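Taking it in order: structure first as structure tokens, then the write-up.
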Amino acid sequence: MVSEKFTKPYNPTENEQGIYKMWEDSGFFNPDNLKEKNKDGDPYCIIMPPPNANGSLHAGHALFVTLQDILTRTARMQGFKALWTPGADHAGFETQVVYEKILSKQGRSRFKMTDEELFKEIWDFTQENKKYMEAQLKSLGASCDWSREKFTLDPDVVEQVYQTFKKLEEDGLLYRGLRSVNWCPKHRTSLSNLEIEYEERTEPFYYIKYGPFVIGTARPETKFGDKYVVVHPDDERYKNYEHDQKFEVDWINGKITATLIKDEAGDPELGTGVMTITPWHSGVDFEIAQRHNLTYEQIIDETGRLLPVAGEFAGMKIKEARPKIVEKLKELGLLVKIDENYKHSVPVCYKCKTEIEPQLKSQWFIKMKPLAEKTKEVIEKGKVKFVTEKHKRVALHWLENIKDWNISRQIAWGIKIPAKICKDCGHGMVDLEDEIKVCKKCGSKNIEKDKDTFDTWFSSGQWPFVVLGYPDSEDFKNYYPTDVMETGHDILFFWVLRMVMLGLYRTDYVPFKYVYLHGLVRDKHGRKMSKSKGNVINPIDVSKEFGTDALRMALVVGNTPGNDLNLDVAKIGAYRKFANKVWNIARFVLIQIEQHGQGEINENDQKTLVKLTEFADEITEDISKFNLHLASEKLYHYIWHTFADKILEESKPDLQSDNKELASSKATLLLEMLKIQLKLLHPFMPFLTESIWQEIPDDMKDEKLIMISRWPSNIKLKHELA
RNA sequence: GGGCGAUUAGCUCAGUUGGCUAGAGCGUCCGCCUUACAAGCGGAAGGUCGUUGGUUCGAGCCCAACAUCGCCCACCA
């Protein structure tokens, strides 16, 4: 009998939880438990980009789960030893920012806590989130191996990160040095170049009398300590001045002695061709200062307030001080003119949009050039291939212009940097075992532990080989290099390229062979989803309303690699209809089989089966080429408009005829075709297809779970790009 | 300032190496509760594929220029 459950219509929420439990209980998410055909198969591995353990999943997560699950499930059915490893990311700075907002709502501040207290609280916070997140990943159907789950703060992860840090020092690729860093005065930490953004601003530009010169600046508040003026050596206007020439200047807080410096950095085309420099608060100025051995002084502190050098303005925030300073300049007769329409871009913190205040800080830097060179090489040689050619170009361009990487962060939430700093000479020493007691450079015993933590991307950049248990685990030997890295294109530089660089550095092999970058999930009009716009589509909510499979189809059909996807709830609704259609098709076919029994498929119908097999080959090839958007759309079209509308309708006369042989023959054809279609559709709509599969009697199918049934095409899944 | 991408039906988008009357979802119009499915079935309207030129037997697809929009990168005082 066709089961009670086969009542109409298809009810996804009723089925999904039970189905997932059945899969999980079967143990087949873990490739070690797969049957013979898979165990002897080639390995196929995807490392899941670990979601940040600081919130719930959004549409972008649902997209990556869908894409990676499609590939994993296809590989598994194809007989590969398929492994997809889940994880969670402590996401250093990001998470601390989230937690600081929570603190602030409670009227608290991290600056009134010890690092240990803060760490402990955020730890509990992330562990709670992590559990929630795992449940959400499961509800999206992720067929990943939970027994191999990792957190980026697990002891073995930290251990490998430490080893990498030490190796970098040994190889001379690590240095600690006083450099101009991007400092966020609100979060009071330095940030890498990737963590700042630029905002176009129109602000007043002030021309100020500086001794015999006129200088231009948008930031008069930094000028208190400016003792050097710089002109280009070839600037004819200033050929009567000598390099290093001293002269008196009536400055904001009284007379000072200034020095003229001739340096190529001076731009004769710009304004008067004269600038003063503020090395402590400008990277360019710092470089000039270093070239000529100039002194420098801090003007603004870590919280963005002026220091005593600013005299009466000391203690004021920049915004407050600037107009007052301008006022004083006027009174002193130093202000020459103001250009109100000066356009420039201002660096801001990518999280809080606070203006970045460059500061001189001693930090750990990694020399990136040598790492980038090797990465360029493997990309050019095709050892790492990009599904989207445009990203390959963007990647190479970035690698060619790479800067050294500041990996020190002044935050509590993260992996402590295992190093000692000499308080006398500033020398930094990597110290994994906490055994260094004397400065290796100056011999001083006045040393302390580095208080900073690693940039979170330094540790996550090592994720693939760490997850697989480098260096001597079986998993590492089996699955590394992994097959596909699938993630958002927004973290190409942050994460993907750093994984290639650090993976190559530690293991000599690329961490993955293919990079599939998806775009941003936007709302139906192409706007970014945001709480303030009220246009957020919560994947968990819609999967409850329409079914996870409908959401997955909506995310994959028409979503070309690398491009943003505009997601319309109506589109999800359309695929809920499709799920119901497949459900009804299955009911019809199974009723026919029940009524007429199985028989011989006649010669003419064999041809139909062959055509379906060719179709299966085509789908397999599409998946191989990462054309999941095509595969999914073709399946939709074939099942509905070829199978249901034509083949099934045209078989009705035979099924209703008195010729029993004819009827059972047709019913058998339909059953065979149904099974093939369900299998092809399974990676895309796993819950629906498994639900139906469970309705097919055991003696009519090759496996009790469609999840591990045999893929209906002999074409082997082998990724290749045009 | 440098780089990348987009422009196809009212809306949101596909169109795989150039090849039969250019497709999907939603929306619109007409007719159907036909015994798998009204979350359905049958049918219809709707596109000079941004503009201009070129290559080709043949161009939505390749090339050039232009226009519009978007994204990324970048220490200009």
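Just so it is clear, the model here is predicted, and its values are computed rather than measured. Chain identifiers are assigned alphabetically (A, B, ...) following the order of the sequence lines, protein sequences preceding nucleic acid strands; residue numbering begins at 1 within each chain.
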Side-chain donor-acceptor pair under 3.5 Å between [X] and [Y], yes or no?
| X | Y | answer |
| --- | --- | --- |
| A/Asn182 | A/Asn193 | yes |
| A/Thr295 | A/Tyr228 | yes |
| A/Thr388 | A/His391 | yes |

Do any side-chain nitrogens or oxygens of A/Tyr342 fall under 4.0 Å of OP1 or OP2 in B/A77?
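Answer yes for this pair, as a side-chain N or O of A/Tyr342 is under 4.0 Å from OP1 or OP2.
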
Side-chain N or O of A/Thr560 closer than 4.0 Å to phosphate OP1/OP2 of B/A14
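Yes, because at least one side-chain N or O of A/Thr560 sits under 4.0 Å from OP1 or OP2 of B/A14.
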
For residues [X] and [Y], determine if any side-chain heavy atom of one lies less than 4.5 Å from a side-chain heavy atom of the other.
| X | Y | result |
| --- | --- | --- |
| A/Tyr210 | A/Thr272 | no |
| A/Tyr238 | A/Val274 | yes |
| A/Leu191 | A/Thr189 | yes |
| A/Leu260 | A/Val231 | yes |

Under 4.0 Å between a Lys/Arg side-chain N and an Asp/Glu carboxylate O for [X] and [Y]?
| X | Y | answer |
| --- | --- | --- |
| A/Lys544 | A/Asp541 | no |
| A/Asp404 | A/Lys367 | no |
| A/Glu649 | A/Lys652 | yes |
| A/Arg219 | A/Glu357 | yes |

Heavy atoms under 4.0 Å, any strand shown: does [X] hit a base, just sugar-phosphate, or nothing?
| X | result |
| --- | --- |
| A/Lys528 | nothing |
| A/Asp622 | base |
| A/His344 | sugar-phosphate |
| A/Phe626 | nothing |
| A/Asp568 | nothing |
| A/Ala644 | base |
| A/Leu648 | base |
| A/Gly558 | sugar-phosphate |

Partners passing salt bridge (Lys or Arg N to Asp or Glu O under 4.0 Å) against [X] (at least two apart in sequence or in another chain):
| X | result |
| --- | --- |
| A/Glu264 | none |
| A/Glu633 | none |
| A/Lys634 | A/Glu618, A/Asp622 |

Taking [M] as the reference, what is the distance to [N] when you measure between their [atom1] atoms (whole Å, please)?
| N | M | atom1 | value |
| --- | --- | --- | --- |
| B/G50 | B/A14 | P | 14 Å |
| B/A44 | B/U56 | P | 40 Å |
| B/U28 | B/A9 | C1' | 12 Å |
| B/G23 | B/G47 | P | 14 Å |
| B/G54 | B/G15 | P | 29 Å |
| B/U52 | B/C11 | C1' | 29 Å |
| B/U17 | B/A64 | C1' | 23 Å |
| B/A45 | B/C4 | P | 43 Å |

Give the rounded distance in Å between these two atoms: [atom1] of [X] and [atom2] of [N].
| X | N | atom1 | atom2 | value |
| --- | --- | --- | --- | --- |
| A/Arg522 | B/G70 | CZ | P | 11 Å |
| A/Asn559 | B/G25 | CG | P | 18 Å |
| A/Tyr210 | B/A77 | OH | P | 18 Å |
| A/Leu567 | B/G25 | CG | C1' | 12 Å |
| A/Leu565 | B/G25 | CG | P | 17 Å |
| A/Ile591 | B/U35 | CD1 | P | 13 Å |
| A/Glu400 | B/A74 | CD | C1' | 15 Å |

Distances under 3.5 Å between protein N/O atoms and the N/O atoms of nucleotides 2-11 of chain B, please, pair by pair.
from, atom 1, to, atom 2, distance (Å)
B/G5, OP1, A/Arg393, NH2, 2.4

Base-pair string, RNA chain B, Watson-Crick plus G-U, cut-off 3.5 Å on both distances, | for inter-strand, is (((((((..((((.....[...)))).(((((.......))))).....(((((..]....))))))))))))....

Donor-acceptor contact below 3.5 Å, side chain A/Arg322 vs main chain A/Ile318
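Here the side-chain-to-backbone pair does not exist.
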
Euclidean distance, A/Glu221 CD relative to A/Tyr206 OH, rounded to 0.5 Å
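Output value for this atom pair is 8.5 Å.
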
Criterion side chain to side chain donor-acceptor pair (under 3.5 Å) on A/His292 and A/Asp263, from CA distance to verdict:
CA-CA 9 Å; A/His292 301 283; A/Asp263 189 280; 2.6 Å; yes

Could you pull out all residues at least two apart from A/Ala550 that satisfy side-chain contact (heavy atoms from CB on, under 4.5 Å)?
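With sequence neighbours excluded, A/Ala550 shows a side-chain contact (heavy atoms from CB on, under 4.5 Å) to A/Phe546, A/Ile572, A/Tyr575, A/Arg576, given in chain and number order.
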
Apply side-chain contact (heavy atoms from CB on, under 4.5 Å) to A/Lys369 and list each qualifying residue two or more places apart in sequence or on a separate chain.
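Result, side-chain contact (heavy atoms from CB on, under 4.5 Å) vs A/Lys369: none returned.
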
Could you pick out which residue, A/Lys571 or A/Asp523, lies toward the 5' side of RNA chain B when each is mapped onto its nearest nucleotide?
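Checking each residue's closest nucleotide, the 5'-ward one belongs to A/Asp523.
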
Here's a test of your reading of the structure: between A/Ala574 and A/Leu194, which maps to the more 5' nucleotide of RNA chain B?
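The residue mapped nearer the 5' terminus is A/Ala574.
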
Protein N or O to nucleotides 31-34 of chain B N or O, pairs below 3.5 Å:
none

With a 4.0 Å heavy-atom cut-off, tell me which residues in residues 221-236 of chain A come close to RNA chain B, sorted by residue number.
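Hits under 4.0 Å, by residue number: none.
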
Within residues 627-637 of chain A, find the residues that approach RNA chain B with a heavy atom at under 4.0 Å, and present them sorted by residue number.
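Here the set is A/His629, A/Leu630, A/Glu633, A/Lys634, A/Tyr636.
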
Centroid-centroid under 6.0 Å between A/His719 and A/Tyr514 rings
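Close enough - the centres of the two rings lie under 6.0 Å apart.
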
Distance-only check: which donor-acceptor pairs under 3.5 Å involve side-chain atoms of residues 194-202 of chain A, not counting sequence neighbours?
from, atom 1, to, atom 2, distance (Å)
A/Glu195, OE1, A/Ser192, N, 2.8
A/Glu195, OE1, A/Ser192, OG, 3.3
A/Glu195, OE1, A/Arg409, NE, 3.4
A/Glu195, OE1, A/Arg409, NH2, 2.8
A/Glu197, OE1, A/Lys353, NZ, 2.7
A/Glu199, OE1, A/Arg201, NH2, 2.8
A/Arg201, NH1, A/Glu355, OE2, 2.7

Treating primed atoms plus P, OP1 and OP2 as sugar-phosphate and everything else as base, which nucleotides of nucleotides 39-47 of chain B get B, S or - for protein heavy atoms under 4.0 Å?
BSSS-----

